[in-house]
Structure formats: structure tokens, C-alpha cells
Amino acid sequence: MNELRDTADVGELIQYIVIKIDEEQYGINIKFIDNIVRMQQITRVPKVDDYLKGVINIRGEIVPVMSVRMKMGLAEEEITNKSRIIILKTSEGDLVGIIVDQVNQVLTLGSNNIEKVRYDDKKSKEETTFVSGVGHYDGGLVSILDLDAVVSEKEIKEKAASAS
Amino acid sequence: MDVSQYLSVFLDEAKEHLQSLNDNIMVLEQDPENEDCINEIFRSAHSMKGMAGTMGYTRMQNLTHDMEDVFSDVRAGKIKIKSADIDVLLQCLDAIQGYVDNITENQDEGTEEHQNIIKSLADIRNGVSGDGDAAPAAAPAAEAASGDGGDAAPGADGASDYRAIRLDPSVKSTLEEAKNQGKNIFGVTVHIQESCILKAARGFLVFKGLEEIGEIAVSDPTTQDIEDEKFEFTFSLILITDESKEKVEEIVKAVSEVESCDCGEFDPSGAKAAEDKEEAAPAASAAPAPAASAAPAAAAAPAANTPAPAAAGGGAGGKKPVGKPVVNRTVRVDIEKLDVLMNLVSELIIAKNSLISAANTSGVSNVNEQIEYLESVTTNLHESVMKVRMVPIESVLQKFPRMIRDLNKTLNKKMELTMTGEETEMDRTVVDEIGDPLMHLIRNSADHGIESAELRAQRGKPEVGQIFLHAYQDGNSVVIEVGDDGNGIDAEAVKNKAIEKGVVSPEQAALLTEKQCVELLFHPGFSTAKVVSEISGRGVGLDVVKSKVESLSGEVTVKTKLGEGSTWVIRLPLTLAIIQALMVVIGNEKYAIPLDSIQSIEDVNPADLKLVENKEVINLRGSVLPLIRLNEVLDTESTRSPDEDMVVVIARKGDQLAGLVIDELMGQQEIVIKPLGKYTNKCKLISGATILGDGEIALILDTNSIF
């Protein structure tokens, strides 16, 4: 009964995988996640943007892997045995892998527990471009990754243009 | 009725019929007496009319109906097709094509009535045949009369007996006509065992078997319902055939799980007799038939007309060259299903490769036998799957004879097109794409290649210009040559034009060889036609041809001799998905180089390197080749020390060669080309990737973009 009432209060329940990039925790909506794999040999592709680390083989399909840290403008990750590649399924159905430092837990959040990031805030700090909201849970706060921003090609071009 | 689900079938069939009409009318132009051809045209026109009517495209139906009428008269010997009529008929086909195109685009046939064509068609009929006017009047009357007969069969819906099949007026007239031609008409009722699971499949097999010996006029329930299993365990049909009743029974019973088959002669005009469920005695039924068809006609039209249909029936019945219609027995397969199959085969090849690498590392030798077996299986499987995807190039070539015929008139030149190798098969995707480039080349030959009649006479060439298209398979590629015996390409004119257009500077132009000049033709925005004609010379064409062919991983070259003609040669790979490749190591990375593009592999001593214009070159058996260090191109460190011998892969691009320096050779392997995922496909040097036996990825180098 309690649970039912809670559900009503927090709105639609969505599960998030909580990952660690740098020292920050990020949540990724589970519906975008195809698979989580251990770090493996990444085949480098020449002449592409730096943050594209290369391609890996996921069930016979060639999947590009990118470093979110480098895309966010952070230092390149150190690969540890906690590093994982999260295989995301984009809205167009393509698979893209992102390297994260650690996968922590699965978290269920109600939509009412997530505070949307206002547009002004987004503009002010560069790395928050990748965050679509902030979720509150017992253990604290978690930033919800804006996956469209992470994997969108348009964003990449704009950033590349502004960088050069 | 919602017919949208049938739209694609309708369009496919309409296109097939149009093509067949086109072909046959062209044959008819050469041989106006060809009866097979006339019959075939009539059949196609008739089917088109029916289809258009069913789909509710009335304008298209009207037009095809009028065309059918013309051929109905031709068939009956009332009129003869003259060459002027051919033009009208072809116009009519174009108009129908227009409808089909409209329907393809927006499911609507458009509003064009084509009254002028309808009138011209009517003129053809009136022009020669005096009683042309009366005949149509008689026909509906006959139809109406027989229609009454058909409708009179009461409560025949859901019948489980062929005697109770309800006949449409049109079906009825078809049957009567067939009967007049001396064919057998059988009613067949098939009972399928109640234990049968796949009723539809059994039904399909019965239909397929019977269609081989004749034509199924009508079935109850309809074919569609039978395919959807919307029937109990019994269905009936009426068959028009030359075969005997025993043969029909034999065919039906040959299908497994058919319990029994009830077969008997069916009398179209005696449909009323269905009520008593008595099989009319053959003698009795034969008598009313001619009477029934003759009487209404006589009633509706002056007596003078009645002999005509009768004579027609008799005439056609006497010669009766009626075999089964020549149609390709094809199954339309969704290309996605084939892609899935293809992917499975790819997986299998990967599995095979991993077995090989496992065997190599673990050193177990008796696995080899198994691997060899697996290898032969996968190779066969690959080949057969590829064959499923292969279609003859014919489908794109079919439209060219007609095009040349039209160009003859518009350009006022006499030309003839010879084609060989129409049966050459290529991957479906390639065939779909190659039509436009070929059309450009043929038009180009017609417009620029073939000279005017006077010039041809001066040069002592035959009056009729020859344009040819030869397709053939050459190893792992398909070659299509398009050429003419015309003017050839004037390299000087091309050069001057190129300078004028600013494609090259005069200084650059001076250095160009004749061959390079000719290749300027492929430059975007280039056209040498002095007068822009509607056929070519819009400045697009050859560059489009080139980019299209290259997008299909092919190449196009031209051979020409001024005054004697030119030949364009298109070379395309047979298959796009699986290739033979040379595996190499550069830096510490593995790459695949397609074997097609490799000429040879050489060991080169660094001391033999020369510098030309500050670029490294090697002298290979007398020819000087540029040397490209792949580790530099690919931003990686070479693992070889500078004074070691270099391994150089001599790669070919068109007729240019270049030496590609690699670190190590791994060997030759069959690889499955996988597209590089999003983002990473920006790299021009890499055309794709493949998965090696151990699951590792190797990138495929596109040697064409390296030099």
C-alpha cells in the first residue's frame, strides 16, 4: 500500500543506471542502454575526432566508442578494471559505446523527483550541456545525462567548430 | 474497398505488363502479322484493364480498354496494324506509364483523360474496319446477355461445387471465347483432407500445378482467400486448358493431402444448369453454347455483324498457337529477408574463421578436415545466397530499344541498338542503380556519337548507325560496354572546351595526354554539345555516370578513336558484401586491402628509393611508381627499422599504380564487409570494417582514396 501511494506522489517511475565520470555521478535512463561491457581492445580509426576512441565488436556489429570525458572537455580517462563501456541505443537505432569510469548501481526515480535544468543554467556552464536534469534520492543527487547531447553528431560538429 | 495493400502488387504487375506491351509492340512494328505477339499484347492489355478497374483507376481502365479493343479487332483479323498506328500505340503506353507513375507517387492516377489518344485509337479501329462501330455495340449486348445468365445462378455463394460457381460477365465471356477456340473448360472441385494443417499451401500447389497446363478463369473462394486460408476444406475453380480431364485430375491428386477431386466439363453458357447440380451431358451443353453467344449479338446488331465474331472465333480456334503465356516464374522476396540471410552467412564465415584461428593456435591437426568441410559448406551457402540476390541485368536494358526508336525520330538519325549479355546477373542493388548511368551513355552515343546521315555517307559508313551494349562477366566483376561506330571523341575539342569552361588552365591543358583530355569529359559541369538538346548536353551526365558507378565500387573508362567511334566501359564488382582481401599489419594494427585493387607485392630495398619532386618513388620493372608510407597516412608508428627491406603492396586505381608500404603481411582471407558505425565513417581512407576470427576488428583500407 505504501508503495502505491509513493508511486502516486513521485510520478512515473524510471530506472537509471548510475555511473561515475570523473568525480561526478550521472544517471542514464535504462531504456537507452543496450548493453554494458567490460573494457576491451578498441580498434583505432584514423583521422577522426580525438574523443572517438575507435570501434568495438558487439555481437558482430561494428560499434563506435567515444570518451565522454574527452567530449565533456575533461582529461582522458585512465582505464582501470572498473572501467566499462556502456552501449547506448540512439533514437535512430544506432549503437554507440561510451567509456565510463565505473558503474555504481541501478536507481529508480520518479519523474517528480527530477528537477529539470533550466536553459539559462545550461548556457552558463559548458559541461552542464550534457545534463538534462538533477535527480534527488536518499543517497544524494545524481545528474541525468542528456544522451542526445552526448551522442548527437550535430553537437559534435558545433563543438569541433568552436574548438578549432 | 480498401485496395492500398494491393497497390505494390498492382504497380509491379502494371510495370511488367507495360514492359511486355512495349516489347511486343516493337516486335509488331517489324512483323505486323506475328500472331503470338498480338495475342500477348491482347492478354497484357486485358489484364491491365482488369487490374486498373479493380483498383478503381477508371481513366487508366478506359484507356487500356480502348487499346484492348484495338487488339481485339486485330486478333479477329478485322484490321491490320500499320506503322503509323504503332506510334499511337506507343503514345498510349506512355500515357499509361504516366498513370502508373502518378499512382506510384501519390496513389492517384491524375486527371489527364488522354482524349486525343482515345480518339486516335478509335480512328485505328474505324479507319479500316467498316463495321467497327457496330462491333462494340454488339459486344456489350453479348456481355449483358451472358451477365444475366451468370447472375441467374442463385445462391451460389460459398459453394463447395464447381457447378455452383458464380460467373462474372467478363469471366463468362472469356470462357465462351475459350470454348469457341476449341479449348476444354473443366470445373474442378478439390477436397482437402480435414487433417491437413497447411490448407493454403495445398491450395497454392493445386493452383500452381493447374496454371502450368492452362488458365484458371475463376475460383471460389477467390485466390486471395485461399491463400489466406479463408475456406473450409473444399474449393472449386474453372480451368481453361488444352489438356484432358484425366490429366487435370492427375495433377490435382498429385498434391499431397488432397482427399478427392471432382472434375468435369464445365459449360459457361449453361451456368443456369448449376441449379440442378447435374452435370450437363457434353452433347447437350455444346449445343446451347454457340446459340447463346450468337443470339444476343444478332438481336442487338444488324445481321451483317454476326459473321464477324463467329469467323474470328473459328479463325483463332483453327490456328490456335496458344501455349502458356511466357512469363518469368519469379518469386518476389522482400530484400530485407535476404539481408537477414546474408547476415547469417556472414556470421557463419566469421565462425569458420575463428575455428581456423583456434585450430592454428591450439595445434590440433585433425580439426583441419572439419574446417575444410565447413569451408566448402560456407562457400556454397554464400554463393547460393548471392545468387538469390542476383537478377539479370535485362530488367534495366529492356527499356533501351524503345528509347533508341524514339531517339531515331527526335534526332532524325538512323540508329540501331544491339545488345548482348542481357542475362548477365548482378546484385539486385547494383542493377537497380545502374539503369540511369547506362541510359546516359546510350543517349550520349546517340546524340554525340552517331554522325548525321550526310557525314556518315562521306565517311563511307553504313547509313544506319550502330550503338551496342555488351554485358559480360569477367572474373569477379561484371563489365558493361556501351559504344557506337560514330564520330569518336575529339580530344582537342574537349581540351578547348575545358579551357573555355575554366576546368583547366591553358598551361595545364598543354601538358595533358590525349587520354587525360578525354577523361576531362567526366568533370562535373562539362558538356561538349554545341547545341543543348533535350537528349543530352545539360551539362550533367558523364560526371553523374562516373560518381554513380564509383558509388557502386566500380569504375568507368572510355576508349575512343576519332572518326571510328567510342566505347565506354563500366566495370562493377559482382558482389558488394563479401570480398577477398589481403590482411596486413601497419604499426601494430591490422588492416584489410581488397584483393581486386592489388597488382602485386614486392620487397623493396630502401637503397632503391629515389626522390622525384621531393616525393619518394620506386622503379618497378621500368615504371616509376609513387611510394606511400601507410603508417604516415594512418598516423601510426612503423615497427620496421628504416634500413630493413620494405614490404610494398602495389595497388591499382584505374590504370595508375602506387606502392603502399606496409609492415607485415598476414595473408589472404575472405572477409565480410561491415559498415563502420556512425561518427567513425567520416574517415575517407577506411571503407568499412571486418571482424576477424578472434573477434578483433580490422579496418578495410580504401586504396582509391589514398592516391
Side-chain angles (χ1 to χ4, degrees), chain A residues 32 34-35 37-68 70-72 85-99 147-161 163-164, chain B residues 339-340 342-354 577-578 583 585-592 628-637 671-702 705-706:
Chain A
F32 296 115
D34 177 83
N35 200 356
V37 296
R38 287 184 167 272
M39 227 23 226
Q40 50 184 276
Q41 201 204 329
I42 300 177
T43 306
R44 185 185 69 96
V45 178
K47 311 273 186 216
V48 289
D49 295 322
D50 281 348
Y51 62 85
L52 283 168
K53 305 304 286 180
V55 287
I56 56 170
N57 167 14
I58 299 292
R59 297 182 302 263
E61 214 173 304
I62 310 283
V63 177
V65 176
M66 58 171 74
S67 157
V68 201
M70 288 174 77
K71 195 161 185 203
M72 288 177 165
I85 301 174
I86 299 193
I87 310 297
L88 304 171
K89 196 169 209 134
T90 65
S91 40
E92 290 108 59
D94 304 303
L95 296 181
V96 180
I98 57 171
I99 303 172
L147 291 174
D148 282 339
V150 174
V151 301
S152 103
E153 229 164 341
K154 198 172 158 231
E155 186 75 18
I156 294 168
K157 275 183 206 140
E158 277 169 13
K159 277 188 73 75
S164 60
Chain B
D339 287 345
V340 170
M342 194 68 215
N343 279 340
L344 286 175
V345 176
S346 313
E347 298 287 317
L348 198 57
I349 290 177
I350 292 167
K352 178 203 77 180
N353 289 346
S354 52
I578 300 178
M583 302 302 300
V585 181
I586 301 159
N588 282 314
E589 298 165 340
K590 290 174 185 166
Y591 290 91
I628 299 164
R629 291 181 184 267
L630 284 182
N631 64 303
E632 287 170 9
V633 176
L634 299 170
D635 304 327
T636 153
E637 293 293 315
I671 59 166
V672 178
I673 303 179
K674 301 251 175 190
L676 269 184
K678 228 178 156 185
Y679 315 123
T680 37
N681 56 13
K682 301 256 153 46
C683 177
K684 286 234 163 55
L685 302 170
I686 307 295
S687 59
T690 190
I691 295 169
L692 301 175
D694 53 5
E696 206 183 318
I697 297 174
L699 302 178
I700 302 168
L701 284 177
D702 180 6
S705 63
I706 293 176

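Throughout, protein chains are lettered first and strands after them, A, B, ... in sequence-line order, and every chain is numbered starting at 1.
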S.K.: Heavy-atom count check: over 12 atoms from other residues, nucleotides or ligands less than 6.0 Å from B:D694 CG?
M.R.: yes
S.K.: Enter the distance from B:I697:CD1 to A:R44:CZ here, rounded to the nearest 0.5 Å.
M.R.: 14.0 Å
S.K.: Taking all atoms of both residues into account, what is the closest heavy-atom pair of A:T43 and B:L699, and its distance?
M.R.: CG2-CG, 4.2 Å
S.K.: With a sphere of 6.0 Å drawn around CG of B:N588, does it hold more than 12 non-hydrogen atoms of other residues, nucleotides or ligands?
M.R.: no
S.K.: Heavy-atom cut-off 4.5 Å, strictly under: side chain, backbone, both or neither for A:Q40 against chain B?
M.R.: neither
S.K.: Short question: side chain of A:N57, backbone of B:G695 - any donor-acceptor pair under 3.5 Å?
M.R.: yes
S.K.: Give me the one residue out of A:V48, A:V55, A:V63 that meets side chain to side chain contact (heavy atoms under 4.5 Å, CB included) with B:L676.
M.R.: A:V55
S.K.: With a 4.5 angstrom heavy-atom cut-off, which part of B:L634 approaches chain A: side chain, backbone, both or neither?
M.R.: both
S.K.: Judged by atom type as modelled, is there a donor-acceptor pair below 3.5 Å linking the side chain of A:K47 to the main-chain atoms of B:V633?
M.R.: yes
S.K.: Check each atom of B:I691 against the heavy atoms of chain A and say whether the ones under 4.5 Å are side chain, backbone, both or neither.
M.R.: side chain
S.K.: Do A:P46 and B:T636 touch side chain to side chain, with heavy atoms closer than 4.5 Å?
M.R.: no
S.K.: Please classify the contact between A:V45 and chain B as side chain, backbone, both or neither, with a heavy-atom cut-off of under 4.5 Å.
M.R.: both
